[in-house]
Amino acid sequence: MPKLDSSVKDVVNETIAPMGISQIRYFAQKFAKIPGIIKLTLGEPDFNVPEHVKEAAIKSIQDNKSHYSEQRGIIGLRKAVSSYLNKQYDVDYDPESEVIVTIGATEAVFISLAAIINPGDKVIIPTPTFALYIPIVQVLGGTPVQVDTTPDNFQLTGKKLAEVIDREGADKVKALILNFPGNPTGFVYSKEQLEELVDVVKDKSMFVISDEIYAELTYGRKHVSLAKLMPGKTILINGLSKSHAMTGYRIGYVVGPAAFIENAGKMHAYTVTAPSNPAQYAAQEALENGIDDPIEMRKIYQERRDYIVGQLNDIGYKTILPEGAFYTFSKIPEKFGMTEVEFAEKLAEEGKVGVTPGSAFGKGGEGHFRMSYASSMEDIQEAMKRLRAFTESLEN
């Protein structure tokens, strides 16, 4: 196995070199090695891809759809994205000039930020949130500005946003990134709460990147897309991973004003050339004929949510009822005298339950832990029994 030649050991990207891997992945991989553990770490649906979607992927292979697609994605899928967004969220995007099909929502985040950030630009990131945003901003030469939302029950208020922009300098802030329904909190913004943010941003020279990957997984209220309220400044990201359990297909998309898409499309082309054909035809089928596929999944997730939140609060971990996604985010009692990392490691080793420390989601996640209920009810029930026993052992 070759070793890096000593003459080039320092010839590396100085921003990337000191970075560790995603803390979400780190703890998931670490805890997975513990025999008998129940893993409530990764946010991956435990459902199978709908059969009609699988068949579309298979048919594309049989039909020899094996050549490069258009770089921004096959036109049929871009039209399906446009139609789906219009039907579900009442927003309008031209499939020719305002849609890019990406390798998952992750690539959509990267090319969106790459298209707008110049060195020194600041990006406001409310935390706790999906922590991928932070290193991407840093790699691109920007400065992530983390804003702790825990004092406001995980909501970024208009007042707080205005304060942060004033403090950081309106001429320096290039974008705000919103992740909702929230990962890890499950927080869902109402139309009124979004309008608060729009009132602050509408006269500023900045974008809002709206990562709406969990839009189909809301409970008790329908998701409102920020793109409906502020289309000219919103970069909307979504995908099929959560709504149709297609995590391994790696299909996402980004939509926005044509001038932005033109620039993002350049980075997309330089980075991936084009998405995979079988995955694209599967995604087209999902959006055209599977718009109701998430309904049954959503019902099951809600049953799990109601059970796990009740158990967590009963055991003594303060947990706000999440209105979207499939996570709980719980406060670790101060009396235990442990950081979130120490708690998660002890729970994994002694209680045989794998959770994700809240600090994996930015500074606002400290003192908390995330559980994913994208797992079977049987596993969740057993995990709650183990958590209760573990907690009792800490208190005795």
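Treat the numbers as computed from the prediction; the structure is a model and nothing was measured.
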message = Checking one residue: Ile61. Which other hydrophobic residues are in its cluster under the side-chain 4.5 Å linking rule?
response = none
request  = Decide, yes or no, whether a salt bridge links Glu98 with Arg72 under the criterion of side-chain N to carboxylate O below 4.0 Å.
outcome  = no
query = Is it true that Lys79 and Glu288 have a side-chain N and a carboxylate O under 4.0 angstrom from each other?
reply = no
request  = Could you point out which residue of Leu197, Thr129, Asp211 forms a side-chain contact (heavy atoms from CB on, under 4.5 Å) with Leu178?
outcome  = Leu197
inquiry  = I'd like to know if Arg304 and Asp46 make a salt bridge, using a cut-off of under 4.0 Å between side-chain N and carboxylate O.
reply    = yes
request  = Could you point out which residue of Asp90, Val255, Asp92 forms a side-chain contact (heavy atoms from CB on, under 4.5 Å) with Leu85?
outcome  = Val255
Euclidean distance, Ile103 CD1 relative to Tyr253 OH, rounded to 0.5 Å = 15.0 Å
Cationic N near anionic O, under 4.0 Å, Lys39 to Asp379 = no
inquiry  = Keeping Lys331 on the side-chain end and Phe369 on the backbone end, is there a donor-acceptor pair under 3.5 Å?
reply    = no
ask   = Under 4.0 Å between a Lys/Arg side-chain N and an Asp/Glu carboxylate O for Glu323 and Arg221?
value = yes
message = Just so I know, are the side chains of Ile116 and Ile209 near enough to count as touching, which here means a heavy-atom distance under 4.5 Å?
response = yes
ask   = Does Glu55 pair with Lys59 as a salt bridge, N-O distance under 4.0 Å?
value = no
ask   = Would His223 and Glu212 count as having a side-chain donor-acceptor pair, cut-off 3.5 Å?
value = yes
ask   = Considering only heavy atoms from C-beta outward, does the side chain of Asp94 approach that of Ser82 to under 4.5 Å?
value = no
remark   = Between the CD atom in Gln284 and the CD1 atom in Ile75, the distance rounded to the nearest 0.5 Å is 10.0 Å
query = What residue among Tyr219, Phe326, Phe180 forms ring-ring contact (aromatic ring centres under 6.0 Å, His included) with Tyr214?
reply = Phe326
ask   = So which of Leu347, Val341, Thr339, Ile24 actually passes side-chain contact (heavy atoms from CB on, under 4.5 Å) with Pro357?
value = Val341
task = Answer yes or no: is there a side-chain heavy-atom contact under 4.5 Å between Arg388 and Asp314?
result = yes
task = Over all heavy atoms of both residues, which pair between Val201 and Met206 is shortest? Give the atoms and the distance, please.
result = CG1-CG, 3.8 Å
query = For Phe336, does the CZ atom sit with more than 12 other heavy atoms under 6.0 Å from it, leaving out its own atoms?
reply = yes
request  = Any chance you could measure Ser330, atom OG, to Glu340, atom CD, to the nearest 0.5 Å?
outcome  = 13.0 Å
key: Nearest atoms (heavy-atom pairs only) where Val137 meets Pro144   = CG1-N, 3.7 Å
ask   = What's the spacing between Leu394 CG and Lys346 NZ if we round to 0.5 Å?
value = 6.5 Å
What pairs of donor and acceptor atoms, side-chain ones from residues 155-172 against any protein atom, are under 3.5 angstrom apart with sequence neighbours left out?
{"unit_1": "Gln155", "atom_1": "OE1", "unit_2": "Gln193", "atom_2": "NE2", "d": "3.2"}
{"unit_1": "Thr157", "atom_1": "OG1", "unit_2": "Lys160", "atom_2": "N", "d": "3.0"}
{"unit_1": "Glu168", "atom_1": "OE1", "unit_2": "Lys122", "atom_2": "NZ", "d": "2.7"}

